[in-house]
Undergrad: 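Take this structure first; my questions come after.
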There are 2 protein chains.
Amino acid sequence: MPQAKTDLFDNDLQELALIFKALGHPARLQILKFLGNRDACFSGDITEIVPLGRTTVNQHIAELKKAGLIKGTIQGSKTNYCLNPCGIEKLTKLGIDFCTELENINNFQSKEC
Amino acid sequence: MPQAKTDLFDNDLQELALIFKALGHPARLQILKFLGNRDACFSGDITEIVPLGRTTVNQHIAELKKAGLIKGTIQGSKTNYCLNPCGIEKLTKLGIDFCTELENINNFQSKEC
DNA sequence: AATAAATGACGTAAAAATACGTCGAAACAT
DNA sequence: ATGTTTCGACGTATTTTTACGTCATTTATT
């Protein structure tokens, strides 16, 4: 396997970039928002929340897991999806206030300044 | 042009995702960090900062411009690169504290923030 | 005017992300 | 046991991103 170009950068930059990358797709944000807006974890089909095919959504879920932002534990025939507090705290430490974000998702207006 | 899949999502989610996407590459973070760590704008070759080819770096610069995070104004034969305060403020409003981030990258403290 | 230096524009190959169809395993229902 | 539901695993086509070489343009320099 040839050396990846990203290895040319500091580890700090690489890690930070990976976190932002995980947040860089509307489907993944929608999933995070959905889980963040609930009191408890969600047991069921996240597919129905996201306007994409089930397989694709699963792929996005896998990426969120990989980034440590959500957890999925199998319970019987269903899977229980939760935010991963550690991952969210990591965001907070990086200056990304997840709650602020969630709030802004709902009423964020882009205006040129 | 066929409808893009991202159009299936709320505008809020789309915009937020675009911002995160712009931050989702170490080269772009390095450029932001470099500009953020200076008192003034930078006139010169950012290529030398980033361990990638000049053309590639220009491409990343273009993306940062498109995302409204930096500005590049031509001055004579050189280009003057600055952080775009509006873009940075936008981040802040979204709960992304750019200075906290920089601090975590290398313990830097910016005066402006 | 001719040359050099800086930097964006364009084209393109390679890599990665995205989207989805299909299959299979586990748990539940009948 | 048989069928159904749930959901991850695998394969793959399409799109997007990444990376870079080359050329063009603009401004300094000689």
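Proteins come first, then strands; the chains are lettered A, B, ... in the order of their sequence lines, and each starts at number 1.
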Undergrad: Compare the minimum distances between each of C:dA19, D:dT22, C:dA27 and the side chain of B:T55, then state the nucleotide with the smallest one.
TA: D:dT22
Undergrad: Between C:dA16 atom P and A:E63 atom CD, what is the distance in whole Å?
TA: 13 Å
Undergrad: Report the distance from atom CD of B:Q59 to atom C1' of D:dG21, rounded to the nearest whole Å.
TA: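 It works out to 12 Å between those atoms.
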Undergrad: Atom CG of B:L64 and atom C1' of C:dG8: how far apart are they, to the nearest Å?
TA: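 These atoms are roughly 16 Å apart.
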Undergrad: Hey, which of A:T73, A:T79, A:N80 is the one that makes side chain to side chain contact (heavy atoms under 4.5 Å, CB included) with A:S43?
TA: A:N80
Undergrad: Name the nucleic acid region contacted by B:T56, choosing base, sugar-phosphate or nothing; use a 4.0 angstrom heavy-atom cut-off, strictly under.
TA: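 It contacts base atoms.
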Undergrad: Mapping B:K78 and A:I74 onto DNA chain C by nearest heavy atom, which one lands closer to the 5' end?
TA: B:K78
Undergrad: Just how far, in rounded Å, is P of D:dT18 from CD1 of B:I61?
TA: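 After rounding, the gap between these two atoms is 14 Å.
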Undergrad: Could you list all the ring pair (Phe, Tyr, Trp, His ring centres under 6.0 Å) pairs where at least one residue sits in residues 57-93 of chain B, not counting sequence neighbours?
TA: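 The answer is B:H25-B:H60.
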Undergrad: So which one's nearest nucleotide on DNA chain C is more toward 5', A:P51 or B:T79?
TA: B:T79
Undergrad: Check for a donor-acceptor pair, side chain of A:Q14 on one end and backbone N or O of B:P26 on the other, with a separation under 3.5 Å.
TA: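 No, the answer is negative, given that no donor and acceptor are paired below the 3.5 Å cut-off.
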Undergrad: For A:Y81 and D:dT6, is the shortest distance between a side-chain N/O and OP1 or OP2 below 4.0 Å?
TA: no
Undergrad: If the cut-off is 4.0 Å, is A:H60 near the phosphate of C:dA17, judged by side-chain N/O to OP1 or OP2?
TA: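 Looking at the OP1 and OP2 atoms of C:dA17, neither is under 4.0 Å from any side-chain N or O of A:H60.
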Undergrad: Rounded to the nearest angstrom, tell me the gap between atom CD1 in A:I31 and atom C1' in D:dC7.
TA: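 It is 14 Å, rounded to the nearest whole Å.
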Undergrad: Report yes if a donor N or O on one partner sits less than 3.5 Å from an acceptor N or O on the other, where the partners are the side chain of B:R54 and the base of C:dG8; otherwise report no.
TA: yes
Undergrad: Report whether B:F34 and B:I70 are members of the same hydrophobic cluster (ILVMFWY, side-chain heavy atoms less than 4.5 Å apart, transitive linking).
TA: yes
Undergrad: Would you kindly give the CD1-to-P distance between B:I46 and C:dA6, to the nearest whole Å?
TA: 15 Å
Undergrad: Starting from C1' on D:dG21, measure out to CG on B:N58 and report it in whole angstrom.
TA: 13 Å
Undergrad: Rounded to whole angstrom units, what separation is found between the NZ atom of A:K21 and the C1' atom of C:dA15?
TA: 10 Å
Undergrad: Examine distances only and state if a side-chain atom of A:R28 and a backbone atom of A:A22 form a donor-acceptor pair shorter than 3.5 Å.
TA: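 Side chain of A:R28 to backbone of A:A22: a pair is present.
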